[in-house]
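Below is one structure, written out as structure tokens; the observations come after it.
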Amino acid sequence: MNISSLQKVRYAYKPKLPENLSGSVDDIAVEFGSPTEAISDKEEIRGIFKNTYGKPLATFTKGKNKKIKRELKVGVILSGGQAPGGHNVIAGLFDGLKKGNSESTLYGFLGGPGGLIDNKTIILTHEIIDEYRNTGGFDIIGSGRTKIETPQQFALSLKTAKNLNLDAIVVIGGDDSNTNAALLAEYFTANGSTIQVIGCPKTIDGDLKNEHIETSFGFDTACKTYSELIGNICRDTNSAKKYWHFIKLMGRAASHIALECAFQTQPNICLISEEIEEKKLSLDQIIDQICDSIVKRSENGDNFGVVLIPEGLVEFVPEIKKLINELNDAIAAEEKSFAQNSNFIDQLYWLSTRLPESSYRAMQMLPPEISHQFLMDRDPHGNVQVSRIDTEKLLVGMVEKKLAEMKEKKHYNGKFSALTHFFGYEGRCAFPSNFDADYCYSLGFGAFVLIACGLTGYLSNVKNLVSPAEKWIAGGVPLTMMMNLEQRHGSKKPVIKKALVDLYDKPFKEFEKKRTAWAVQTCFLVPGAIQYFGPPEVCETTTVTLKLEHCL
Ligand code: FBP
């Protein structure tokens, strides 16, 4: 592989570990809290996870630990979308295993969970790991979105793990992948196997968080990468003063990325899907809001600006949410019959006899290219692939129409010229920031300790993240305590609850205070590129969201 100068220099970076994971490994013991409960639907979830439900929280502490020096065989899976820092989770796990016992082995399952089902592995050696330390991407073993769900897939997974004589599997993934990890842990135990399953919280979307998971890894780096690009666009538009930039940002359902990028760049408008849902705003009302800012700015002679749009927005607009749910149910109920429609016209005809009239009408009101995008394949977890819906173009089209109407009525006299962008894939494989490099390494090392202590059905966690890394506190959270039941593919399934933007929490409240000024004035911030070397105030800071959520 060709190696850039930055990559060479980053190899030498030594990620920081929390104090409770530093020092000699045989001094790391584990302390347990009281038994836990699922966040809701307790009885049903207890019934599904008969063997793994309700375990206590685990925190690492100083103390003697004889078990930690056992020789272990562990397999690791990268699951779902890429997130900066995945390689460091593997490096932390590898270093922990080797520190415990130099004879321990780490297998990498190739191409995501599918590698476990199909028994596709490589042994991760010092040489391989060293080539990927502190780098972005998941290319060390590749990732995938296969969901382990059929009895045959579970049986094959156990067969692979037994054939390799594994002690444990580590799943590095988001809410859906870690739900899978919990099901796997339960399946193994229920089938008399002692093979343990441990998860690590990954996703740039930032929506795998709760009281015990302060943030998912990759969010910090991805937001900083997008903010660099947005800041540059802000400065560009403030120079030429002729374009409105409509920028869609990844994040699937949650608007955490959009909100964080708004703090870092202060755009004129940042839409928050969760607010749109709460206030039941229609598409027309959203367009009115955007036009209001465009008109006011044009009255000041500013025919330019920046609008941030969370990727999942359309799923939160009530009339479209209803449409998507009804589409999902109709397609899930007759999957094979729907698949027989070879083109969009046939698909529409098929839907005309199955969708309730109001939704069918809503679908016809949308530009055909957008409704076509609503019909594209769902991902293996049943989610609409929102990254493929051109929401930014839909909004620009509607804004243009509205402004033309206003012009006719002489309510607006500015110039509107818009450009659209989508930032998503650009940020998922960036070199992890120092924060993500340290956090990921700690999560991986913590996963090793959880395994060495014989635990299963846990998510590796690190708390107190707004403090310097030495003060972080590592441990494990039982996966079942983060679960509830949700409607998936037409029936109720246990899933880890997604954390959406909380409209009553500090980050949104802070944004609310600032956005009125941003909408009319030009308050842009240009944060620049991620800094890996230099003064701590530029290279050791984390997100505004995390600071607002956890600082008093
Ligand atoms: P994860 O939830 O697996 O981390 O993936 C998140 C994400 O990056 C979303 O932001 C985006 O909608 C989606 O992946 C895109 O998926 P794909 O890589 O399959 O196109």
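Just the heavy atoms: all of them, side chains too, but no hydrogens, waters or symmetry mates, feed the values below. Just so it is clear, the model here is predicted, and its values are computed rather than measured. When a ligand or atom number is given, it counts from 1 through the structure's own listing order.
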At less than 4.0 angstrom from any non-hydrogen atom of [X], what atoms of ligand 1 do you find?
{"X": "K202", "answer": "1 (P), 3 (O), 4 (O)"}
{"X": "T203", "answer": "1 (P), 2 (O), 4 (O)"}
{"X": "E311", "answer": "9 (C), 10 (O), 11 (C), 12 (O)"}
{"X": "G80", "answer": "3 (O)"}

Considering only the protein, which heavy-atom contact is closest to [atom], and what is its distance?
{"atom": "atom 14 (O) of ligand 1", "answer": "R145 NH2, 2.8 Å"}
{"atom": "atom 6 (C) of ligand 1", "answer": "D205 OD2, 3.4 Å"}
{"atom": "atom 20 (O) of ligand 1", "answer": "Y425 OH, 2.5 Å"}

Q) Is the shortest distance from a heavy atom of G81 to ligand 1 less than 4.0 Å? A)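 Right, G81 reaches ligand 1.
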**Q.** Any A83 heavy atom less than 4.0 Å from ligand 1
**A.**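 The answer is no, since A83 has no heavy atom less than 4.0 Å from ligand 1.
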Could you tell me the separation between the [atom1] atom of [X] and the [atom2] atom of [Y], rounded to the nearest 0.5 Å?
{"X": "L116", "Y": "L184", "atom1": "CG", "atom2": "CG", "value": "6.0 Å"}
{"X": "T542", "Y": "H550", "atom1": "OG1", "atom2": "NE2", "value": "10.0 Å"}
{"X": "K55", "Y": "T52", "atom1": "NZ", "atom2": "OG1", "value": "6.5 Å"}

Q) Given R428, Q82, R252, R388, which one has a non-hydrogen atom that is nearest to atom 15 (C) of ligand 1? A)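 Closest candidate by heavy-atom distance is R428.
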Q: From the options I129, L110, I122, select the one residue that forms a side-chain contact (heavy atoms from CB on, under 4.5 Å) with I140.
A: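 Single pass found, and it is I129.
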Q: Could you check whether the rings of Y226 and F423 sit parallel, tilted or perpendicular, using 30° and 60° as the cut-offs?
A: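 Y226 vs F423 ring planes: parallel.
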Q: Evaluate the criterion side chain to side chain donor-acceptor pair (under 3.5 Å) for residue pair T265 and S227; output intermediate values, then yes/no.
A: CA-CA 6 Å; T265 61; S227 296; 5.6 Å; no
Q.
Are any of the N/O atoms on I204, whether in the backbone or the side chain, positioned under 3.5 angstrom from an N/O atom of ligand 1?
A.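 No, no N or O pair falls under 3.5 Å.
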Q: Compute both the distance and the angle, then confirm whether R428 meets the cation-pi test with Y425: under 6.0 Å from the six-membered ring centre, within 45 degrees of the axis.
A: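 No cation-pi geometry.
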Q: With ring pair (Phe, Tyr, Trp, His ring centres under 6.0 Å) as the test, would you mind laying out the steps for Y439 and F217 before giving the verdict?
A: CA-CA 7 Å; Y439 180 40; F217 79 75; 7.2 Å; no
